[in-house]
Amino acid sequence: MTHANAAAEAPVLVQDDGAVRTITLNRPQALNSFTVPMHQALRAALAEAAATPSVRCVVLTGAGRGFCAGQDLAEVMGEQAPGVGDLVAEHYKPLALQVSRMPVPVIAAVNGVAAGAGANLALGCDLVIAAESASFIQAFAKIGLVPDCGGTWLLPRLVGRATALGLALTADKLGAAQAKTLGLIWQCVPEADLMPTVQALAARLAAMPVKALVATRLAIDGAQQLSLEGALSEEGRLQSELATAHDCQEGMAAFLAKRAPVFTDR
Ligand code: T3D
């Protein structure tokens, strides 16, 4: 097998551009739907990105015309099929937690349809930028399941209970422009602008104090369970921790010296 063939068949592709690592789901013939090997490859790629100090931002996208169509339904209906509950416990739950705990910002570049767990994988990223031609489908209701991969937690937080239930109960396709209008995603751009827009933003985030960016994600997600007083206390704890770290010292010194800061913490 040639190297090119091996890459074409790998369930995820990994590419670095400076401090930005792009992970591409690579089963375009089935709209990048999840099989166990793709889960394993994606989780390994995320773990490697997390463990590589030179990586300061991760971009997640899909090969071909789709982002990810959720669970590969042929796999679950096959003779060797893993149980549905097992798939969630062994793959979708750890994946959603891994994304939520990445030590660098994660951007979803949604290049096409994102359905079922594929939609919620994208929505669990820090920033979601979608091509105008992309769409989001909470496909679960159509096949007698509930939203997973974090959907029940993410949807009401992103768009409120009424819209979350509307999306989840109808399983209707939501175009990227409408997703932006609803506040489900950060940005909707023309198809040709998707990767240039995402790469420019990723490079910008990579040059920022990523330790503080990640602490911001964790604080905002964590604050959902806290009282105002609890959230204020947590903000104080985080500021104390960050204020003594290199990046905050560097940011303040650079401001006072009227020079560009160089952030290195992760
Ligand atoms: O065990 C568990 O299930 C627990 C975990 C659940 C997590 C989940 O994600 S459940 C939700 C699973 N996903 C779906 O139900 C979505 C199924 N797909 C679709 O509804 C449609 O494909 C789309 C709306 C996403 C896109 O439609 P369209 O018309 O653009 O494309 P298509 O023709 O339907 O699909 C293109 C090919 O991809 C086609 O293969 P073919 O005929 O060209 O050989 C289709 O079968 C394949 N494909 C698309 N989605 C899946 C899939 N194959 C397997 N599994 C899929 N999810």
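In each ligand, atom 1 is the first atom listed, and ligand 1 is the first ligand listed.
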(message) Please confirm whether Phe34 approaches ligand 1 to less than 4.0 Å, judged on its heavy atoms.
(response)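 No, that is not the case, since the closest heavy atom of the residue is not under 4.0 Å from the ligand.
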(message) With the threshold set at under 4.0 angstrom, would you say Lys142 reaches ligand 1 through any of its heavy atoms?
(response) no
Identify, by atom number and element, the atoms of ligand 1 in contact range of [X], meaning under 4.0 Å from any of its heavy atoms.
X: Gly70; result: 9 (O)
X: Gln29; result: 37 (C), 38 (O)
X: Leu145; result: 3 (O)
X: Ala139; result: 14 (C), 15 (O)
X: Tyr92; result: 5 (C)
X: Ser33; result: 54 (C), 55 (N), 56 (C), 57 (N)
X: Ile137; result: 24 (C)
X: Phe140; result: 7 (C), 8 (C), 9 (O), 10 (S)

(request) Ignoring hydrogens and angles, state whether a donor on the side chain of Gln15 or Arg21 is under 3.5 Å from an acceptor on the partner side chain. (result)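 The criterion, which ignores hydrogens and geometry beyond distance, is not satisfied for Arg21 and Gln15.
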(request) Tell me yes or no: between the side chains of Gln249 and Thr244, is some donor less than 3.5 Å from an acceptor? (result) no
Any N/O of [X] closer than 3.5 Å to an N/O of ligand 1?
X: Asp148; result: no
X: Leu73; result: yes
X: Ala117; result: yes
X: Ala115; result: no

Which pair of heavy atoms, one from [X] and one from [Y], lies closest together, and at what distance?
X: Pro147; Y: Asn120; value: CB-ND2, 4.2 Å
X: Pro103; Y: Arg266; value: CG-NH2, 3.7 Å
X: Phe67; Y: Leu60; value: CE1-O, 3.6 Å
X: Val159; Y: Gly183; value: CG1-C, 4.3 Å
X: Val110; Y: Leu194; value: O-CD2, 3.7 Å

(request) Take the angle between the ring planes of Phe34 and His39 and call it parallel below 30°, perpendicular above 60°, tilted in between. (result)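 Parallel: the ring planes of Phe34 and His39 meet at under 30°.
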(message) Heavy atoms only: which of Arg65, Arg27, Gln71 lies closest to atom 12 (C) of ligand 1?
(response)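 That would be Gln71.
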(request) Select the closest option to atom 49 (C) of ligand 1 among Asn32, Val88, Leu31, judged by heavy-atom distance. (result) Leu31
(request) Kindly state whether the ring of His246 and the ring of Phe263 have centres lying under 6.0 angstrom apart. (result) no
(request) Using a 4.0 Å heavy-atom threshold (strictly under), name the region of Val76 that reaches ligand 1: side chain, backbone, both or neither. (result)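 Side chain only; the backbone of Val76 stays clear of ligand 1.
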(request) With heavy atoms under 4.0 Å as the rule, classify the contact between Ala69 and ligand 1 as side chain, backbone, both or neither. (result) both
(request) Check whether Leu25 and Met102 end up in the same hydrophobic cluster, where Ile, Leu, Val, Met, Phe, Trp and Tyr are linked by side-chain heavy atoms less than 4.5 Å apart. (result) yes
(request) May I ask whether Leu184 and Trp153 are part of the same hydrophobic cluster, defined by side-chain heavy atoms of I, L, V, M, F, W, Y residues being less than 4.5 angstrom apart, directly or through others? (result)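 Looking at the clustering, Trp153 is in the same group as Leu184.
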